[in-house]
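So you know, we letter chains A, B, ... as the sequences are listed, proteins then strands, and number each from 1. These figures come from a predicted structure and were not determined experimentally.
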Amino acid sequence: SQQGEEDPQALSIQEGENATMNCSYKTSINNLQWYRQNSGRGLVHLILIRSNEREKHSGRLRVTLDTSKKSSSLLITASRAADTASYFCATQGTTQGGSEKLVFGKGTKLTVNP
Amino acid sequence: DAGITQSPRYKITETGRQVTLMCHQTWSHSYMFWYRQDLGHGLRLIYYSAAADITDKGEVPDGYVVSRSKTENFPLTLESATRSQTSVYFCASRRTSGPTSTDTQYFGPGTRLTVL
C-alpha cells in the first residue's frame, strides 16, 4: 500500500506559532496533496506538490517533498485559532489503476490555542 | 447551488435494512468516489467511478453497491446494513485522472450513518 502516514497524530500549539506536520508514504507517486477537515465537515484541498517539485508555497502554507525519503511536510506559519482542524496527506500513484485514486493517511489533528 | 451535495446528512437505521446514500455534483466531473471515515482509519475508499456506467472497487467494497447511470449522481447502497458500517461517508468528485493529471478532489459535506 502507498498509504500516507502523518506524524504527529495530534499537535497542540499557541496562536502565532508555526505548525509542522509530516507525511510518509511507501511507493512511487505522481503527486502528493494536503487536505484540511474542520470538525463535522468534508475535506478541503489545500495544496498539491508534484513528484518533480521539492517545495511549494501557498499563503501561510509551505509544503516540501523528498521523494528519496518518500516523505513530505506541511508547515503552517503564524497559526491562527481558525487553523484548528485535521490535516490529511493524500498520494496519487503512478501505476495504471493507482493513478485514478488518492490514498489518504490517517491525519494530524491540529489544535491552535488562542 | 453548484457543487457536490450529499443526502441525507444524518441517518439512523437498523441492522439488516437497506440504505441508500445519495451524492450529486453539478460540475460534470468524470470521476466520483465514496469514502468512509472511521476513527483510527482515516479515509478509506469504498468504490469509485470513472464515468457513467463505469465503477470499480476500492479498498473496502464489501457490503456496498454503487451505480452511476448519470454523470452527476453516484448513489451508494448498503444492501443489508451491519453495525460495522456505522461511519461517516464522504462523496467526492474529480474532473480527470491519469498519470499526468493533477486534478484535486472535491468533497461533499458527508453523511453520518448509524446502524443500530
Side-chain angles (χ1 to χ4, degrees), chain A residues 1-7 9-10 21 23-25 27-53 56 58 61 63 65 85-109, chain B residues 3-7 9-10 21 23-25 27 29-51 54-61 66 74 88-112:
Chain A
S1 168
Q2 65 182 50
Q3 183 180 32
E5 292 287 341
E6 289 92 342
D7 170 58
Q9 290 185 328
M21 288 159 268
C23 171
S24 61
Y25 57 92
T27 62
S28 296
I29 61 171
N30 178 39
N31 64 69
L32 185 145
Q33 305 177 28
W34 285 91
Y35 288 77
R36 182 187 72 212
Q37 183 182 33
N38 290 89
S39 182
R41 302 288 188 91
L43 278 72
V44 174
H45 177 257
L46 293 176
I47 194 166
L48 178 152
I49 187 165
R50 296 180 177 89
S51 59
N52 62 353
E53 297 176 314
K56 204 161 183 181
S58 177
L61 304 180
V63 171
L65 179 65
S86 290
Y87 292 81
F88 295 87
C89 70
T91 53
Q92 182 191 16
T94 57
T95 59
Q96 186 173 359
S99 62
E100 296 177 316
K101 46 192 183 284
L102 293 178
V103 180
F104 286 83
K106 297 179 182 179
T108 291
K109 188 177 175 74
Chain B
I4 184 165
T5 57
Q6 294 182 235
S7 62
R9 293 295 314 280
Y10 302 90
L21 309 184
C23 179
H24 175 77
Q25 52 105 354
W27 295 303
H29 284 175
S30 297
Y31 281 80
M32 295 188 76
F33 306 84
W34 273 108
Y35 296 90
R36 60 178 290 173
Q37 185 176 34
D38 305 286
L39 280 175
H41 290 280
L43 272 83
R44 292 182 291 176
L45 182 65
I46 304 170
Y47 269 97
Y48 66 103
S49 170
I54 301 175
T55 61
D56 209 345
K57 296 179 180 179
E59 182 184 353
V60 289
V66 293
F74 191 38
V88 181
Y89 291 85
F90 288 99
C91 178
S93 71
R94 179 176 173 180
R95 190 164 57 93
T96 62
S97 188
T100 60
S101 170
T102 55
D103 285 345
T104 60
Q105 291 189 15
Y106 297 86
F107 282 79
T111 294
R112 185 174 292 274

- Would a distance-only check, ignoring hydrogens and angles, find a side-chain to backbone donor-acceptor pair under 3.5 Å from A:Y35 to B:Q105? yes
- Task: Verify the neighbour count for atom NZ of A:K109: are there more than 12 heavy atoms of other residues, nucleotides or ligands below 6.0 Å?
- Result: no
- Does CD belonging to A:E53 count more than 12 external heavy atoms closer than 6.0 Å? yes
In Å and rounded to the nearest 0.5 Å, what is the [atom1] to [atom2] distance from [X] to [Y]?
X      : Y     : atom1 : atom2 : answer
B:F107 : A:H45 : CZ    : NE2   : 10.5 Å
A:L102 : B:F33 : CG    : CZ    : 6.5 Å
B:T104 : A:N31 : OG1   : CG    : 9.5 Å

- Side chain from CB out, backbone as N, CA, C, O: work out which of these in A:E6 comes under 4.5 Å of a heavy atom of chain B, or both, or neither. neither
- Is there side-chain contact between A:Q37 and B:F90, with heavy atoms separated by less than 4.5 Å? yes
- Answer with side chain, backbone, both or neither: which region of B:Q37 has an atom nearer than 4.5 Å to a non-hydrogen atom of chain A? side chain
- Under 4.5 Å from a heavy atom of chain A, the part of B:Y106 involved: neither
